[in-house]
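Below is one structure, written out as structure tokens; comments come after it.
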Amino acid sequence: MKKLYNLFIIALCLSAAFHVIDGFISYEPQYSIRSSSSSSSFPMLPPNLLSGIDDAATLLTRSQAITYPLGFLAAFRTGAAISVINQPQMPKVNAAVGSTVLRLPTYGTRVRLFYPTMSEALSDSNAVMAPYCTDGLQTTNGMARLVKFDALGLSFLLAHLANASSGCVADGPINNSNLGDGENLPLLVYSHGYGGNMDMSAFFFRTMASKGMIVAAVEHTDGTASSTVLPDGSERKFNEYFMTGRQQLTRRASELLEAVEFLPSELERMYSTKVGTIMVGGHSYGAPSAIMAANGAAEGSRIAGMILHDPALGMGYGMLPPNGAKSRIPSVTYISDEYNKAKVRYGDLTLHVRGAYHGNFVDAPLWAPSVVMRTLSLLIPAAGPSNPVEVHERLAESASEFIRKKNPASPNVQSSKLFEFIA
């Protein structure tokens, strides 16, 4: 069924493409895809599909050939609209995960937590599942504006996320039962990329939390979040001019450091849970934010390492070490195909995730069927050829091993066949 579903979407796109090609090479004042004989000029298409196309094609003239690209876009849009029904693709995880949202004191910065919860919470009739997008359409509209989906009429590719479930139990209790004596759950404080938010990696962070860690996704207030809600209830939309680049990076780093200091005591107050190892991390612009936070942390800080995904090191504004630099604390950097080609390296260990694009470090490949996301990757690096669920699973396993051992050289950090050792 899945193959037929994908083939249907492809057929819609290809039928429009045939219109475009035929329209621009035809010299007839009026044309038909079917010739006057019983044979078709496109015998590879089934007769029932040809008859429908033929009826539409006879209405078009040579003078209208310029409109065919719009027909292609319309065909793709129709196929894509159908394809997001019953999406996004929620991955399966091997443990129950909870989620909640809280605020940091200084700027009221929102932080979304993902953590192991009790399996009984999933079967509780009173349990509520946390939404994928905390603010519903407000979140998805912000994301659509940022990548110009609204201008292309493709906002629907994200709008369906507004009503989707994260697969996490809302405000569930933290589960410490699987820990050994004297062991506490590790905490990863994570920074989103330029135009990101605390929700767009919800499935990825759910997978990471299922491995036995707490992930704190910080939603920055520097104007680089696609959308965030301030303590007074107002929305702060993405605004690249709200602060200068240096101010943005400084604000982001300060919010990460505040989370590192605030969350351990808050988690103990809310859930009677003590935090073990603390690391910072980030994706794209979030990686320089994490590096600056770690480098600028006060002596005695609990930050024990960094986990970086496709670090946008060129956005350090002269305040960070250069590409290829080593870190003063243990660190692991995971890079996509594009970043590997650009020879981006940082810290103690750099691993190339084969077949991963920039969007594989968030949930983008899971928002719609792969045939749609891979097609969109011709325009933006949304989804690489590797299985996105496997990419998240291997990244989570590697991060879990690193955050526990605090040793980038640990064999299980880099053992996946998806990973290529770079440096």
Heavy atoms from other residues, nucleotides or ligands near NZ of Lys326 exceed 12 (cutoff 6.0 Å): yes
Residue pairs passing the side chain to side chain donor-acceptor pair (under 3.5 Å) test where at least one lies in residues 193-204, sequence neighbours excluded: Arg112-Asp199, Thr134-Asp199, Asn197-Ser226
Applying ring pair (Phe, Tyr, Trp, His ring centres under 6.0 Å), can you list everything that pairs with Phe402, at least two apart in sequence or on another chain? none
Before you tell me yes or no, could you show the steps for Gln87 and His160 under side-chain hydrogen bond (donor to acceptor under 3.5 Å, both in side chains), namely the whole-Å CA-CA distance, both residues' side-chain angles and the distance that decides it to 0.1 Å? CA-CA 7 Å; Gln87 298 292 313; His160 66 291; 5.9 Å; no
For a side chain to side chain contact (heavy atoms under 4.5 Å, CB included) with Thr228, tell me which candidate from Lys237, Gln138, Arg236 qualifies. Arg236
Rounded to the nearest 0.5 Å, what separates atom OG in Ser191 from atom CZ in Arg252? 4.0 Å
Please name all residues satisfying ring pair (Phe, Tyr, Trp, His ring centres under 6.0 Å) with His358, sequence neighbours left out, ordered by chain then number. His283, Tyr339
Applied to residues 291-318, the salt bridge (Lys or Arg N to Asp or Glu O under 4.0 Å) test, sequence neighbours excluded, yields none
Could you pull out all residues at least two apart from Met243 that satisfy side-chain contact (heavy atoms from CB on, under 4.5 Å)? Asp222, Gln247, Gln248, Arg251
Measuring from atom CE of Met315 to atom CG of Leu320, what distance do you get when rounded to the nearest 0.5 angstrom? 11.0 Å
Nearest-0.5 Å distance, OH of residue Tyr346 to OG of residue Ser327: 4.5 Å
Results of side chain to side chain donor-acceptor pair (under 3.5 Å) for Asn184 - residues two or more places apart only: none
Residue pairs passing the salt bridge (Lys or Arg N to Asp or Glu O under 4.0 Å) test where at least one lies in residues 389-401, sequence neighbours excluded: Lys211-Glu393, Glu390-Arg394, Arg394-Glu397, Glu401-Lys405
Quick one: which residue pairs count as a salt bridge (Lys or Arg N to Asp or Glu O under 4.0 Å) with a foot in residues 256-266, not counting sequence neighbours? Glu266-Arg269
I'd like to check Pro311 versus Thr333 (side-chain heavy atoms, cut-off strictly below 4.5 Å). Are they in contact? yes
With Thr250 via side chain to side chain donor-acceptor pair (under 3.5 Å) - residues at least two apart: none
Quick test of your reading: applying salt bridge (Lys or Arg N to Asp or Glu O under 4.0 Å), list the pairs with at least one residue in residues 328-341, sequence neighbours left out, ordered by first then second residue. none
Supply the atom-to-atom distance Leu263 CG to Leu102 CG, rounded to the nearest 0.5 angstrom. 6.0 Å
Start with the C-alpha gap between Tyr190 and Phe205, add the side-chain angles, then the distance that decides, and say whether ring-ring contact (aromatic ring centres under 6.0 Å, His included) holds. CA-CA 10 Å; Tyr190 200 87; Phe205 293 153; 5.0 Å; yes
Between Met90 and Ser166, which heavy-atom pair has the shortest distance, and what is it? CE-C, 4.1 Å
Say whether, by atom type as modelled, one donor and one acceptor occur between the side chain of Thr117 and the main chain of Val97 under 3.5 angstrom. no
Could you walk me through whether Tyr357 and Ile380 pass the side-chain contact (heavy atoms from CB on, under 4.5 Å) check? CA-CA 9 Å; Tyr357 286 3; Ile380 56 175; over 6 Å; no
Applying side chain to side chain donor-acceptor pair (under 3.5 Å) to Thr350 and not counting sequence neighbours gives none
Partners passing ring pair (Phe, Tyr, Trp, His ring centres under 6.0 Å) against Tyr334 (at least two apart in sequence or in another chain): His309, Phe419
Taking the side chain as every heavy atom from C-beta outward, state whether Val353 and Val391 have any pair of such atoms under 4.5 Å apart. yes
Taking every non-hydrogen atom, the tightest pair across Ser99 and Cys168: CB-CB, 3.7 Å
Between Pro116 and Gly212, what is the shortest heavy-atom contact and its length? CG-CA, 4.0 Å
When rounded to the nearest 0.5 angstrom, what is the spacing between CG in Leu256 and CD1 in Ile291? 11.5 Å
Looking at CD1 of Ile174 and CD of Glu268, how far apart are the two atoms once the value is rounded to the nearest 0.5 Å? 11.0 Å
